[in-house]
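Note sheet for the following structure.
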Amino acid sequence: MIHIAPVQGHTDAAWRHFHSEIYGGDNIYYTPFIRLEKGEFRKHDLKDFLSPLNANHKLVPQVIFRNMEELKPLISGLAENGATCIDLNTGCPFPLQTAKGRGAAFVGNVEQYSQLPQLLSSFPEITFSLKMRLGFADPQEWKMILPILNDLPLQHVALHPRVAKDQYKGELRLDEFRSFLEQCSHPVIFNGEIKAPEDIASVQERFPEIKGVMTGRGVLGRPSLAAEYKNGEEFDRARRLGTMMDFHNSLFDFYSSELCGEHQVLSKMKPFWEYAESEIGRKPWKAIAKASNMAKYQSAVAMID
């Protein structure tokens with residue numbers, strides 16, 4: 001199973017809808033993390049989760065929190081809005097969240113972690129999954145919470161074998177992933193540096209016990225990634241770029257009809273290419289990044305061949 005990880009500012013409802021429409025498959029998509037702001041849901045988070053564009057793919061809302069006081073209303077509110085499964089983000093490495101005890105920083109909060117089993121069991125109508133890193137700074141930090149983790153009612157755990165302080169740099173700690181895989185009582189999903197079909201094959205060969213892989217930045221850079229793997233064939237560059245342009249054009253037409261003014265459209269379309277430098281080439285990638293108006297943007301996109 002291929003799990004499409006959320007990336008803030010990129011994988012919104014429109015992106016997910018047209019990605020599923022163009023590439024097909026039975027991928028599982030996750031919303032960018034949903035959190036409370038001044039004790040309330042952010043309006044755009046709920047709008048994204050409730051969008052009719054979600055009808056063509058399997059979607060799991062993902063929440064980020066620092067304690068049970070934040071998590072409980074998130075679960076309750078999503079359940080009231082029709083959620084039947086929720087993913088718990090304890091893996092986000094970004095300082096803006098970890099400085100507040102959220103994301104990967106939560107792994108080190110044993111006091112709060114110990115309260116998860118009771119809270120999650122109070123929502124028997126909801127199935128849960130969890131996304132995590134090995135820890136915040138110590139790659140063996142997960143061992144402190146493993147007994148609690150194993151006691152949680154989870155469908156799976158998606159593990160990125162880095163710590164928060166690594167961000168997305170440095171080697172994956174695969175030996176530590178192996179240790180976690182052997183000791184975790186839940187199905188485990190591999191997350192990290194999945195950028196090409198051969199990466200999926202390599203991970204599955206090394207860890208045949210895993211129940212799937214998760215990719216976020218990888219599928220942004222190469223949107224055909226999951227389709228290539230599931231079809232059992234690597235697309236040549238012409239086919240990859242052709243389908244990528246179909247995907248881009250569908251998004252472009254949608255945003256052009258829904259948003260007001262070229263600035264808003266550009267703010268949505270330029271991130272489409274952010275992770276695709278190796279796929280489209282440095283020259284058009286740089287031109288797209290520098291484009292200050294729609295004419296320059298379209299000229300830059302036309303450079304892709």
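Around atom CD of Glu125, more than 12 heavy atoms belonging to other residues, nucleotides or ligands sit under 6.0 Å away. By the neighbour-count criterion of 12 heavy atoms within 6.0 Å, atom NZ of Lys211 is sparsely surrounded, having that number or fewer from other residues, nucleotides or ligands. Within a 6.0 Å radius of NE2 in His44, more than 12 heavy atoms belonging to other residues, nucleotides or ligands are found. At most 12 heavy atoms of other shown residues, nucleotides or ligands fall within 6.0 angstrom of atom NZ in Lys58. Around the CG atom of Asp305, the shell of radius 6.0 Å holds no more than 12 heavy atoms that belong to other residues, nucleotides or ligands.
Considering OG of Ser20 and CZ of Arg16, their distance stands at 10.5 Å, rounded to 0.5 Å. Rounded to the nearest 0.5 Å, atoms CG (Leu116) and OG (Ser121) are 10.5 Å apart.
Here His3 and His156 bring their ring centres to under 6.0 angstrom of each other. Between Phe272 and Phe247, the gap from one ring centroid to the other is short of 6.0 Å. Ring pair Phe254/His17: centre-to-centre distance not below 6.0 Å.
Between Asp48 and Arg42 there is no salt bridge, since none of the side-chain N atoms of the basic residue sits less than 4.0 Å from a carboxylate O of the acidic one. Salt bridge Arg222/Glu234: present, at least one basic N to carboxylate O contact under 4.0 Å. Between Lys268 and Asp253, none of the side-chain N atoms (NZ, or NE/NH1/NH2) sits under 4.0 Å from a carboxylate O, so this pair counts as no salt bridge.
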side-chain contact (heavy atoms from CB on, under 4.5 Å) between Val63 and Leu88, intermediate numbers included: CA-CA 5 Å; Val63 296; Leu88 310 177; 3.8 Å; yes
Check against side-chain contact (heavy atoms from CB on, under 4.5 Å), Leu59 and Tyr30: CA-CA 6 Å; Leu59 179 66; Tyr30 296 79; 5.7 Å; no
Test log, rule salt bridge (Lys or Arg N to Asp or Glu O under 4.0 Å), inputs Asp166 and Arg133: CA-CA 10 Å; Asp166 292 333; Arg133 289 200 171 207; 5.6 Å; no
Test salt bridge (Lys or Arg N to Asp or Glu O under 4.0 Å) applied to Glu193 and Arg217, step by step: CA-CA 8 Å; Glu193 301 302 321; Arg217 295 172 302 134; 3.2 Å; yes
Quick one: side chains of residues 70-77, donor-acceptor pairs under 3.5 Å with protein atoms, not counting sequence neighbours, listed by atom name and distance.
unit_1, atom_1, unit_2, atom_2, d
Glu70, OE1, Arg66, N, 3.0
Glu70, OE1, Arg102, NE, 3.1
Glu70, OE2, Arg66, NE, 3.1
Glu70, OE2, Arg102, NH2, 3.0
Ser76, OG, Lys72, O, 3.1

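The shortest non-hydrogen separation linking Pro61 to Ala83 is CG-CB, 4.1 Å. Of all heavy-atom pairs spanning Ser185 and Asn150, the tightest one is N-OD1, 2.9 Å. Contact record, Lys270 with Ala289: NZ-O, 3.0 Å, taken as the closest heavy-atom pair. Heavy-atom minimum distance, Leu149 versus Cys184: CD2-SG, 4.5 Å. Looking at every heavy atom in both residues, Gly218 comes nearest to Leu225 through C-CD2, 4.1 Å. When all heavy atoms of Ala164 and Pro93 are compared, the closest pair comes out as O-CB, 3.6 Å.
Taking the side chain as every heavy atom from C-beta outward, Lys230 and Asn27 approach each other to under 4.5 Å.
The same ILVMFWY cluster, assembled from side-chain heavy atoms under 4.5 Å apart, contains both Met245 and Tyr23.
Applying the side-chain contact (heavy atoms from CB on, under 4.5 Å) rule to Pro139 yields the partners Leu134, Val163, Arg173; only residues at least two apart in sequence or on another chain are considered. Taking the ring-ring contact (aromatic ring centres under 6.0 Å, His included) definition, one finds that Phe190 meets it with Phe177, sequence neighbours left out. For Phe180, the ring-ring contact (aromatic ring centres under 6.0 Å, His included) partners are Trp142, not counting sequence neighbours. Scored by the side-chain contact (heavy atoms from CB on, under 4.5 Å) test, Arg178 finds Leu181, Glu182, Phe207, Glu209 as partners (sequence neighbours excluded). Pro147 is linked by a side-chain contact (heavy atoms from CB on, under 4.5 Å) to nothing, counting only residues two or more places apart in sequence or in another chain.
Side-chain atoms of Trp15 and Tyr29 include no donor-acceptor pair closer than 3.5 Å.
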